Amino acid sequence: MEEKESQKQSSKESVEMKTQAFQKRRTLLKSMLGFPVVGFFAFESLKKWEFEQHKKNNVIESLGLENLNSPVPVKTEPAKPGDLLRIGIIGFGTRGQQLANGLGFMHPSDVEKMEKNNSLQGWLDQEYLNVALVGICDVFDLHAEEGLATAQNEIRPGGNQEVKIPVKRYLRYQEMLADKDIDAVIIATPDHHHARITIDAIKAGKHVYCEKSIALTEEELNEVYQTVRNSNKVFQLGHQITQNAVFQKAKEIVKKDILGRSRW
Amino acid sequence: MLKYLMGMVHWLFIVLKIIFQSQKNTTIFFWNKIYKYFCITIISFLYSHLYLRKLILHYQYKYMKQNINLTTLQKTVLITLRILIGWHLLYEGISKLLIPNWSSASFLSESKWILSGFSNWIVTHSEILQIADFLNMWGLVAIGLGLIVGLFTRAAAISGAILLLIYYLNNPPLIGLEYTLPSEGSYLIVSKTLIEAVALFLLAVFPSGYYAGLDRILFGSYRSNHF
């Protein structure tokens with residue numbers, strides 16, 4: 001009898017312990033309920049992300065865009081010392097300012113603005129061109145002041161240059177063309193002045209970079225053409241955006257008939 | 001002790017303000033305003049802390065006295081609802097994280113009803129907009145994860161309900177309000193956002209985390225028998 005009772009007690013205890021363990025396992029299982037859901041969520045979101053990427057790549061593959069050759073940027077050799085080109089700008093409006101930025105000269109207030117945008121280093125990394133801005137010609141005093149400030153600014157790509165040529169301001173372009181200390185001239189005036197100033201500059205013996213468009217009438221255009229042909233000076237018209245990588249890519253796309261045969 | 005610290009910090013800010021006043025630095029004035037709001041919330045919390053504690057304990061006592069026993073089906077439905085709403089909010093949060101430069105400005109600029117002044121204030125100050133974007137994205141992720149996994153479900157549910165109420169009040173489908181953001185379905189006064197907010201309130205008043213969730217092992221399974 002006693003043995004049976006003790007056996008019953010021990011069996012009761014073991015049953016109790018079993019249910020306790022059972023309860024603990026159940027509690028653990030119930031509390032871990034959320035984790036497989038999170039795993040499933042991660043799996044599905046990854047699948048969705050891959051699907052979006054695949055859709056994007058599908059478009060590129062079907063159009064054959066991944067076989068395009070990206071244009072390689074041409075690196076010119078740095079200029080040797082002694083080849084300093086002295087440049088004068090005729091007309092220092094918005095375009096004149098942008099051209100000066102391209103040459104490596106920037107107005108101090110623009111430098112501050114770029115510093116705030118963290119884009120100054122991108123401009124400073126541009127190639128150093130061995131040029132000096134020596135003359136600013138503008139009839140508008142405000143623009144001329146901005147031009148002088150830009151040309152005299154010491155913050156430049158390639159660092160501060162030791163050779164300092166004083167910058168002169170001219171009111172009329174004839175005065176600038178008469179100056180012997182200027183080798184080349186950038187014409188950034190309004191369009192209707194381009195032809196006349198180009199002709200006078202070539203005749204005065206200066207190299208010319210003229211902003212587009214070159215002339216308003218056919219007679220002017222022919223006169224400019226004859227003048228430039230008969231001289232040995234360098235002349236460049238300011239069509240620069242066709243050198244942009246976008247245009248090269250568009251040219252490739254049209255050549256490979258990716259958008260269908262184009263009819264002109 | 002805390003009050004003395006607060007006083008010293010306050011004097012420090014006054015000194016900084018005097019130093020920087022000559023430079024007319026606008027960011028200092030902005031942080032001054034934020035500091036004022038911060039002080040107000042901290043002081044109100046310090047004074048109301050005891051009352052808040054009393055409120056929370058009162059409701060805990062009420063819940064503990066309740067001793068409801070739900071059937072398995074009822075518990076299953078509650079837990080399923082909790083997981084589904086958690087999944088929804090988690091995906092909303094993560095999809096906003098994956099969009100580069102996502103901003104809530106486009107949503108807030110359409111606010112026309114009660115919260116239009118508040119939303120306008122957020123949108124016009126870019127620093128506050130950054131804070132609001134951050135809180136939205138990571139708040140949704142945290143609430144979604146908390147609801148799915150069952151960790152701090154009550155806090156997640158209440159904060160999710162308040163967040164969704166704010167979304168609803170910025171975009172309520174009332175008569176006379178025209179929005180440029182197109183929405184599907186036809187709603188009058190009651191929109192899906194409002195329904196989800198009230199569903200989250202439902203999840204807050206039922207202890208779904210204690211039935212099945214991390215709360216069960218962390219904060220005691222005995223509570224599921226008392227609530």
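These numbers were taken from a predicted model, which means no experiment stands behind them. So you know, we letter chains A, B, ... as the sequences are listed, proteins then strands, and number each from 1.
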Interchain contact, [X] with chain A, by part (heavy-atom threshold 4.5 Å):
X         : answer
Ile148(B) : both
Leu145(B) : side chain
Leu151(B) : neither

Counting neighbours of [atom1] on [X] that are heavy atoms of other residues, nucleotides or ligands and sit closer than 6.0 Å, is the number greater than 12?
X         : atom1 : value
Trp138(B) : CH2   : no
Tyr187(B) : OH    : yes
Lys212(A) : NZ    : yes

Item to check | Pairs satisfying ring-ring contact (aromatic ring centres under 6.0 Å, His included), at least one member in residues 42-64 of chain A, at least two apart | outcome: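 Of all non-adjacent pairs touching residues 42-64 of chain A, none passes ring-ring contact (aromatic ring centres under 6.0 Å, His included).
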Next on the checklist: Tell me every residue that passes salt bridge (Lys or Arg N to Asp or Glu O under 4.0 Å) with Glu211(A), counting only those two or more places apart in sequence or in another chain.
Outcome noted: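 Partners of Glu211(A) under the salt bridge (Lys or Arg N to Asp or Glu O under 4.0 Å) test: Arg95(A).
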Checklist entry - What residue pairs, at least two apart or across chains, pass side chain to side chain donor-acceptor pair (under 3.5 Å) with a residue in residues 160-170 of chain B? => result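 Output for this query lists Ser111(B)-Asn170(B), Ser119(B)-Asn170(B), Asn136(B)-Tyr167(B).
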Next on the checklist: So which atom in Trp87(B) and which in Phe40(A) form the shortest heavy-atom distance, rounded to 0.1 Å?
Outcome noted: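 That closest heavy-atom pairing would be CH2-CD2, 3.5 Å.
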Checklist entry - Listed by residue number, which members of residues 29-36 of chain A have a heavy atom under 4.5 Å from any heavy atom of chain B? => result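 So the qualifying residues are Lys30(A), Ser31(A), Met32(A), Leu33(A), Gly34(A), Phe35(A).
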Checklist entry - In terms of heavy-atom pairs under 4.5 Å with chain A, which of Ile83(B), Leu90(B), Leu98(B), Ile79(B) leads? => result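 Going by pairs under 4.5 Å, I would pick Leu90(B).
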